[in-house]
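Computation of the quantities below employed the complete heavy-atom set of this structure, encompassing side-chain atoms and omitting hydrogens, waters and symmetry-equivalent molecules. Position 1 is the first residue of the sequence, and the numbers go up from there. All values reported here derive from a predicted model rather than from experimental measurement.
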Amino acid sequence: MVLSAASQHLLRVSRPGAWGQHLLKVSRPGAWGQHLLRRIGSVYTTAKGFQEKEIREKLQALPGGSIDLVKQESGIAVLTVNNPARMNAFSGSMMVELEERVSQLEEWTEGKGLIIQGAAGTFCSGSDLNAVRAISNPQDGMMMCMFMQNALTRLLRLPLLSVALVEGSALGGGAELTTACDFRLMAPGGVIQFVHKHMGLVPGWGGAARLVRIVGGQNALKMLGGALKVDPEMGLQIGLADGVLEGSLDGSGANALLEAEQWLGRYTTGPAPVIRAIKNVVVSGRELPLEVALSTERDVFGTVWGGPANLQALASKAKHK
């Protein structure tokens, strides 16, 4: 069971860039979703100086931990950041694995929801310092930044309703990862903290841009400038957290995951095509100019109008509750 929930915040962006321009050319019903699920979901390409193959090889050579993915028959997948020896910090190979798991989820047409958690009762402490030191030159750092921005942007654009289950600490890059989900649930004692300032940095995985859209500019400045420790109470107050869990009774994290599944279930109940269509129209409304978003909404509407769920509802004379 989840306790109180924060008021909902509308997310807005002012410039869609090439992604929106590309969508203007997509007219076939259903084509928008297919384009979005593939490379169109990325921000950077070789045309923008992004050397993906090169940085992928360098990251892959920095091993440690894993990103584990379990797809459940319920249509809810669980992605676990698993490197407990380093508080689930991202090694280089884990960054590559995250991108690979996103690709797998893009191809999972039966999926409806996604829960992201950390192993062993803590969420994620950002980047493994060993990996950071190995790619500390500016060029590699910039390529890593672009690689992770691509991965997390595609994660947020998945046609799945996603929630970050924050137990323990979500620090630095871990805090950025929470903002790449649609929702955030915090366990008692959980903390989300953008500690980048203490490292002489700013967020580089897209976390700052997403944070502004979630909590607003003033709160984002306070969180980044003060490296504030956001606990569940503050998270609810500023809209960063969407709910607070009652807490695991056995310390295994199983109860927290069950609570998160139950919380997410209220939004993912129903046929997968409908849930995925809902996410797609929200993504387009959030990221595209109004006229393009309206056109996209029309195309997505065309994929469910007269579909099995629609016809079944009409046949049963379903009443709104």
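- Remark: Arg157 CZ to Leu152 CG distance equals 12.0 Å, nearest 0.5 Å.
- Contact check on Lys71 versus Glu110 returns no salt bridge, with no Lys/Arg side-chain nitrogen under 4.0 Å from an Asp/Glu carboxylate oxygen.
- If you check the side chains of Gln117 and Thr80, you find a donor sitting under 3.5 Å from an acceptor.
- Formation of a donor-acceptor pair under 3.5 Å by the Thr122 side chain with backbone atoms of Ser169 is found in this model.
- For Gln139, the CD atom is loosely surrounded, since the number of other residues' heavy atoms within 6.0 Å does not exceed 12.
- Side-chain atoms of Asp128 never come within 3.5 Å of backbone atoms of Phe90 as a donor-acceptor pair (strictly under, hydrogens ignored).
- Among Ile135, Ile55, Leu59, the single residue meeting the side-chain contact (heavy atoms from CB on, under 4.5 Å) criterion with Met143 is Ile55.
- Residue Glu97 holds its CD atom at 10.0 Å from CG of Leu79, rounded to the nearest 0.5 Å.
- Side chain of Ser103 to main chain of Glu99: a donor-acceptor pair is present (N/O by atom type, distance under 3.5 Å, no hydrogens or angles).
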Identify each donor-acceptor pair in which a side-chain atom of residues 189-208 lies under 3.5 Å from a protein atom, sequence neighbours left out, and give them as a table.
| from | atom 1 | to | atom 2 | distance (Å) |
| --- | --- | --- | --- | --- |
| Gln193 | NE2 | Ala227 | O | 2.8 |
| His196 | NE2 | Glu176 | OE2 | 2.9 |
| Lys197 | NZ | Gly225 | O | 2.5 |

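- One distance of note links CG of Leu165 with CD1 of Ile116; it measures 10.5 Å at 0.5 Å rounding.
- Distance check, rounded to the nearest 0.5 Å: CG of Leu171 to SG of Cys124 gives 8.0 Å.
- Within the 3.5 Å criterion, the main-chain N or O of Ala209 finds a donor-acceptor partner in the side chain of Arg213.
- The shortest side-chain heavy-atom distance between Leu114 and Leu155 falls under the 4.5 Å cut-off.
- To the nearest 0.5 Å, the span separating CD1 on Ile76 from CG on Leu161 amounts to 7.5 Å.
- Going from atom CD1 of Ile275 over to atom CG of Leu160 covers 11.0 Å, rounded to the nearest 0.5 Å.
- A donor-acceptor pair under 3.5 Å is formed between the side chain of Ser136 and the backbone N or O of Arg133.
- Judged by distance alone, with hydrogens and angles left aside, the side-chain atoms of Ser295 form no donor-acceptor pair with the main-chain N or O of Glu291 at under 3.5 Å.
- Sparse packing is recorded around CD of Glu233, with 12 or fewer heavy atoms of other residues, nucleotides or ligands lying under 6.0 Å away.
- A perpendicular orientation is assigned to the rings of Phe183 and Trp263, their planes being inclined by more than 60° (bins at 30° and 60°).
- No hydrogens or angles considered: a donor-acceptor pair under 3.5 Å links the side chains of Asp68 and Asn82.
- With a 4.5 Å cut-off on side-chain heavy atoms, Met95 and Ser127 count as touching.
- For the pair Lys279 and Asp182, the salt-bridge criterion is met [side-chain N within less than 4.0 Å of a carboxylate O].
- Under a 3.5 Å cut-off, the side chain of Arg154 and the backbone N or O of Ser42 do not form any donor-acceptor pair.
- Leu290 shares a hydrophobic cluster with Leu294; the chain of contacts runs through ILVMFWY side chains whose heavy atoms sit under 4.5 Å apart.
- In this structure, the side chain of Ser125 engages the main chain of Met87 through a donor-acceptor pair within 3.5 Å.
- For the pair Ser162 (side chain) and Cys181 (backbone), a donor-acceptor distance under 3.5 Å is absent.
- Between the Arg276 side chain and the Gly111 main chain, a donor and an acceptor come within less than 3.5 Å of each other.
- More than 12 heavy-atom neighbours from other residues, nucleotides or ligands sit within 6.0 angstrom of CE on Met234.
- In this structure, Leu69 is a member of the same hydrophobic cluster as Met94, with clusters built from ILVMFWY side-chain heavy atoms closer than 4.5 Å.
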